[in-house]
*Asks:* 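Below is one structure. I have some questions about it.
For the single chain, residues carry numbers from 1 onward in sequence order. Keep in mind it's a predicted model, so treat the numbers as computed, not measured. Side chains included, hydrogens not; waters and symmetry mates left out as well; all remaining heavy atoms used.
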Amino acid sequence: MALRARITENSWDAEAWAQLALEVSSGDSSNPSVLDEQRAFYEELLNRFPTAARQWRQYAQLEMRAEQPERVKNIFSRCLLSCYSVELWQIYLDFIQKGNEARGAEALGETRAAYEYCLGRVGQAADAGPLHRRYIDLLQRERPGSIGFAALFKDVPAGQEEGARSAAVRTAFQRALVVPHQSLDALWSAYEQFELQGQSLGRRALDDMRPRFNGARAAYRSRSRALERIHPAALPLPPGEAGYQQDEQARLWGAYLAQEAANQQRLAPEDLTVRVQLAYEQALMVLRHFPDTWLNFAAWHTRVGGAKSAPAAIEVLTRAVKVIPSALVLHLALADVHEATGDVAAAKGVYEGLAAPLEVADAQETDKDGNASKDSPAEAASQQAKQDENSLVWVHYQRFARRAESVRASRQVFLRARKSPAAGWQVYAASAAMEWAGDRNEKVPVNIFELGLKLFLSQPAYVLAYVDFLVGIGNMDNARALFERALIATPAPAAAKLWDAFLAFEYRHGKLPAALAIQARRAEALAEAAGQDLSDTQPPSPGDEVRLALLKYRMGGLWPVAGKGTREHLARVAGEAPPLEPPRRPVEQLAAPTPDSAQPDRVPRGGPRPEPMRPTVTRSPVHQAPQQAAPPPAVPLPAGPAGDGGPPIKQIPPELGSMLASLPPPAQLVGCVPDVDAVIDILMDVDLTPAGSAAGEDVVMNGGLYPRLSHGGGSGGAGPAMNGGGGPGPGPGLGPGPGPGPDPFSPPRG
C-alpha cells in the first residue's frame with residue numbers, strides 16, 4: 001500500500017512503479033484472479049508509460065504463457081510501432097514463428113515476411129545481430145523441392161531453386177555485415193564459409209565486401225562507446241522528474257544521435273535515413289516528454305531531405321503535439337513546416353486549434369487588470385505562466401496572419417485577442433510594433449498602446465515597452481508624461497523598476513538638473529516604500545550608490561570601469577549577480593615549524609583537544625617528493641582549555657609534522673576532500689614513537705582490527721586475498737578480488 005500511495009501522490013515515481021512491478025509479477029499467474037490483477041497492473045503502467053518496451057515484452061510473455069493468442073496480437077498491435085526494441089521484436093517473431101509452425105511448412109512464407117518487416121524496422125540497431133542470424137538460418141534450413149522451400153522462395157522457376165536461395169542468403173549476409181552490431185565477427189566467418197563454396201566467384205564477393213565489413217567494425221567500436229552508459233529501458237519521464245541522472249541520459253542520447261547522423265560509414269542517403277530514424281525512435285522511447293528531441297528529429301528530416309522530407313517532419317511533429325500538447329513550441333514548429341510547404345490552410349488550422357479554446361477561457365481566472373488571480377503564490381505563478389503562454393499564441397497568430405494572409409487578417413486576430421481574458425500586455429505591444437513596422441504611421445500603434453494602458457498601466461513591463469516606442473519616434477515629452485502617470489498608478493513596492501528607468505531616461509535624454517530632481521524623488525519614494533526616514537543621518541548602503549551610478553553611467557554593454565574583475569565585483573555589489581560561493585572549508589594558513597620545539601606532551605584518550613596548527617609548506621605546482629633531510633622539529637600548538645582533565649597539547653609530534661609537510665596544498669586537491677581536523681585528531685591519538693608503533697602493530701595484527709595478512713600465494717586461509725586470490729577470510733581484498741566495498745574518496749563508476 002505504501003507503493004500505491006507513492007504512485008497516487010506522484011504518478012511519475014519510477015522507483016515505486018518498478019518495485020510494484022516486482023511484487024505483482026511474482027504472483028502465480030496460473031491463478032485466474034492473480035492473472036487478472038497482473039493484467040490490470042500492466043494496463044495501468046503502460047497507460048502511463050506507453051513506450052516502456054520492457055514492460056510491453058513482459059505483458060506479452062504473460063499472455064503467451066496463459067495461451068491467449070488474441071490478447072498477444074492485441075498487445076503487439078498497440079506497441080510495436082512505437083517501441084523500437086530488438087528484444088520486443090524478437091518476442092514478436094517468436095510468437096509469429098510458433099503460430100506458423102502449427103500451420104505447417106506452407107506458412108514459412110509468412111514467417112519470412114515477418115522477418116523482413118522486423119529487419120526493416122530494427123535491423124540497424126546495435127543489438128540486432130542475433131536477429132540477422134536467425135533470418136539467415138531460416139533461409140538456409142529448407143531443402144530445395146520441399147514444401148517449406150517453395151513457401152520461402154515463391155515463383156522460382158524449376159532448376160533455379162539453389163541460385164535463388166544463394167542470392168537471398170547473400171543479400172541477407174551483406175545487409176547484416178554493414179550494420180555495426182555485436183555479432184559482426186561471427187557473421188563474417190559464416191559468410192566466408194558460404195561464399196567459399198562458390199570458389200572464384202565467392203572470393204571476389206568477399207573481396208568486394210571486406211572494406212564495408214571493416215567500416216562496420218570500426219563504426220561499432222565508436223557506437224558501443226556511445227551506448228555503453230545509456231539506459232534504453234528507462235521509463236519515459238518528463239524533464240526534471242529524475243534529477244541529474246535523467247539530464248545526463250538526455251545528454252548521452254543527444255551525443256549518440258549526433259554520432260549516428262554524422263554518417264561515419266558514408267552510407268547512401270536512403271540507408272542513412274533508416275539508421276538515423278531508428279536512433280531517434282529508440283531515443284524517444286526514453287525521451288518521450290522532451291520537446292527538444294522531437295524538434296531535433298523533425299529538423300533533421302528537413303535538413304537532410306529539404307522539401308521532399310517535409311511530410312516526414314510533419315508526421316514527427318504531429319506525433320509530438322499529441323504526446324506533449326502543453327509544449328507550445330511544438331505546435332508553432334508544426335505550423336511553420338506547413339507554412340514553408342505552402343499549405344497555409346494547414347498552418348492556420350494549427351493556430352486556430354491553439355487560439356479557439358482561449359476565447360472561451362474562464363474569465364474568472366483573471367482580475368480586472370488582466371493579472372492572474374492570486375489564490376496562493378504557487379497557483380499565481382502557474383496561472384501567470386499559463387497566461388504568458390496564451391499571450392504568445394495570440395502574438396504568433398497575428399504575425400502569421402500578417403505575413404501569410406493580410407494586414408486586415410492580422411488586425412482581426414488582434415480584435416479577437418482583446419476580447420480574450422487570456423491576452424496579456426505582450427499582445428498589445430506586439431500588435432503596435434507590427435503596425436509601426438508595416439507603414440511607419442505612429443497614429444495606429446499609439447492608439448493600440450493607449451488601449452493597453454487601460455488594462456496594464458500598473459504593469460511596469462508594459463509601460464517600459466510603450467516608453468521605448470515613444471523614445472524611438474522621438475516623442476520625449478509624452479514619454480515623461482507616461483512615466484508620471486505610471487508612477488501614480490503603480491503600487492510602491494513594484495515601482496522601483498519604473499523609477500530606475502525614469503532616472504536612466506532623464507539622464508540620457510534630459511538635462512542634469514532634471515535628472516538630479518528625479519534622483520531625489522526616486523530616493524524619497526524608495527525610502528518611503530521601505531519604511532525608512534530620509535531625515536536619518538544613516539548613509540545609504542554601498543549597493544545603493546553603485547546601483548545608482550550604473551543606472552546613470554552604464555550604456556548598453558559599456559561599463560564605466562575597466563577590468564573584468566572590477567565589473568563583476570560591482571555587479572555583485574549592485575545585486576545584479578549572485579555573491580561568490582565560499583570554499584567548502586576555509587583555507588587556513590599553516591604555521592611554520594620552529595627549530596627548537598620539544599617532544600609534545602600527550603593527551604589521554606577521550607579528553608577534549610584544541611585545534612591543531614599546521615606547518616606552512618611552500619611547494620611548487622607539481623608535487624615532488626621531499627629530499628632526504630633531518631626529521632623536522634615538533635610544531636607548537638596552543639594550550640588546551642582549562643580544566644579539560646589532561647595536560648595541554650603544546651606541539652605536534654615531529655613524525656606528524658613530517659607527514660603534514662609532505663602534503664600538497666588544499667588548492668591542488670581534486671575530488672573529495674577529507675576532514676583534515678578529524679584526521680589529525682585520530683593521528684594525535686596514535687603513539688608514533690618506535691615502541692608505541694611496535695606495540696600498536698602487535699595489537700592490530702594479532703586479534704585486533706584485522707587478522708595478520710598472509711603473504712603466501714592466496715591458497716586459502718583466513719587472510720584476505722592478495723592480488724585477487726586468497727580464501728574466504730573476512731579481511732579486505734588487496735587486489736581485484738572482492739573487497740569491503742567502494743572507496744568513499746574515489747569517484748563513482750559509470
Side-chain angles (χ1 to χ4, degrees), residues 51 53 79-90 92-93 112-136 139 168 170-184 187 209 211-220 222-224 226-227 230 232 253-287 293-320:
T51 54
C79 69
L80 283 180
L81 296 183
S82 60
C83 298
Y84 288 73
S85 164
V86 172
E87 291 181 349
L88 178 63
W89 283 77
Q90 284 180 325
Y92 165 71
L93 286 176
R112 180 182 178 182
Y115 270 97
E116 287 286 352
Y117 180 71
C118 179
L119 289 172
R121 291 286 180 172
V122 296
Q124 295 284 338
D127 54 345
L131 206 58
H132 288 279
R133 179 75 261 187
R134 288 176 59 177
Y135 181 48
I136 293 170
L139 296 177
R170 180 176 292 109
T171 300
F173 267 120
Q174 293 179 352
R175 175 171 58 181
L177 289 171
V178 296
V179 178
H181 56 70
Q182 77 277 36
S183 304
L184 278 174
L187 279 173
M209 191 64 198
R212 301 176 66 192
F213 163 69
N214 289 332
R217 288 184 67 190
Y220 176 66
S222 59
R223 201 183 203 190
S224 60
L227 288 170
I230 289 178
W253 273 113
Y256 171 65
L257 294 172
Q259 178 176 298
E260 291 290 277
N263 197 10
Q264 177 182 345
Q265 293 180 254
R266 300 294 183 264
L267 300 173
E270 58 273 14
D271 295 331
L272 178 65
T273 298
V274 172
R275 181 170 298 180
V276 176
Q277 189 162 345
L278 172 63
Y280 270 105
E281 293 290 358
Q282 290 181 323
L284 286 170
M285 290 166 56
V286 178
L287 306 179
T293 307
W294 292 100
L295 287 173
N296 290 334
F297 192 11
W300 177 81
H301 275 299
T302 57
R303 184 171 62 253
V304 300
K308 295 186 298 182
S309 295
I314 290 173
E315 188 269 336
V316 168
L317 291 172
T318 302
R319 289 167 52 197

*Asks:* What distance do Asp127 atom CG and Gln282 atom CD have between them, rounded to the nearest 0.5 Å?
*Replies:* 7.0 Å
*Asks:* Once side chain to side chain contact (heavy atoms under 4.5 Å, CB included) is applied, do any residues pair with Gln259, and if so which ones, sequence neighbours excluded?
*Replies:* Ser222, Arg223, Ala226
*Asks:* Locate the shortest heavy-atom distance separating Thr51 from Cys83; write the atom from each residue and the value.
*Replies:* CA-SG, 3.6 Å
*Asks:* Distance from Leu184 atom CG to Tyr220 atom OH, nearest 0.5 Å?
*Replies:* 8.0 Å
*Asks:* List the steps, then state whether side-chain contact (heavy atoms from CB on, under 4.5 Å) holds for Val276 with Val304.
*Replies:* CA-CA 11 Å; Val276 176; Val304 300; over 6 Å; no
*Asks:* Between His132 and Gly123, is there a donor-acceptor pair closer than 3.5 Å when you use the side chain of the first and the backbone of the second?
*Replies:* yes
*Asks:* Roughly how far, to the nearest 0.5 Å, is OG1 of Thr293 from CG of Leu284?
*Replies:* 6.0 Å
*Asks:* Is any side-chain heavy atom of Leu257 less than 4.5 Å from a side-chain heavy atom of Asn296?
*Replies:* no
*Asks:* Only pairs at least two apart or in different chains count here, so list each side-chain hydrogen bond (donor to acceptor under 3.5 Å, both in side chains) that has a residue in residues 297-319.
*Replies:* Glu281-Arg319
*Asks:* Please confirm whether the backbone N or O of Val178 pairs with a side-chain atom of Gln265, one donor and one acceptor, at under 3.5 Å?
*Replies:* yes
*Asks:* For residues Val179 and Arg175, report the shortest heavy-atom separation together with the two atoms involved.
*Replies:* CG2-O, 3.4 Å
*Asks:* Of the non-hydrogen atoms in Val286 and Pro232, which two are nearest, and what is the gap between them?
*Replies:* CG2-O, 3.4 Å
*Asks:* Checking side-chain contact (heavy atoms from CB on, under 4.5 Å) for the pair Leu81/Arg121: CA distance, chi angles, key distance, verdict?
*Replies:* CA-CA 9 Å; Leu81 296 183; Arg121 291 286 180 172; 3.7 Å; yes
*Asks:* What pair of heavy atoms forms the shortest contact from Ala53 to Ser85, and how long is it?
*Replies:* CB-CB, 3.5 Å
*Asks:* Nearest 0.5 Å, what's the CD-CZ distance between Gln90 and Arg134?
*Replies:* 6.0 Å
*Asks:* Out of curiosity, Leu278 CG to Glu260 CD, how far, rounded to the nearest 0.5 Å?
*Replies:* 8.0 Å
*Asks:* If you take all heavy atoms of Ala128 and Val122, which pair is closest and at what distance?
*Replies:* CB-O, 3.5 Å
*Asks:* If you round to the nearest 0.5 Å, how far is CG of Leu187 from CD of Gln182?
*Replies:* 9.5 Å
*Asks:* What are the two closest heavy atoms between Tyr135 and Leu119, and how far apart are they?
*Replies:* CD2-CD1, 3.5 Å
*Asks:* If you define the side chain from C-beta out and look only at heavy atoms, does anything of Arg275 sit under 4.5 Å from Pro180?
*Replies:* yes
*Asks:* Parallel, tilted or perpendicular, judged at 30° and 60°: which one describes the rings of Trp89 and Tyr84?
*Replies:* tilted
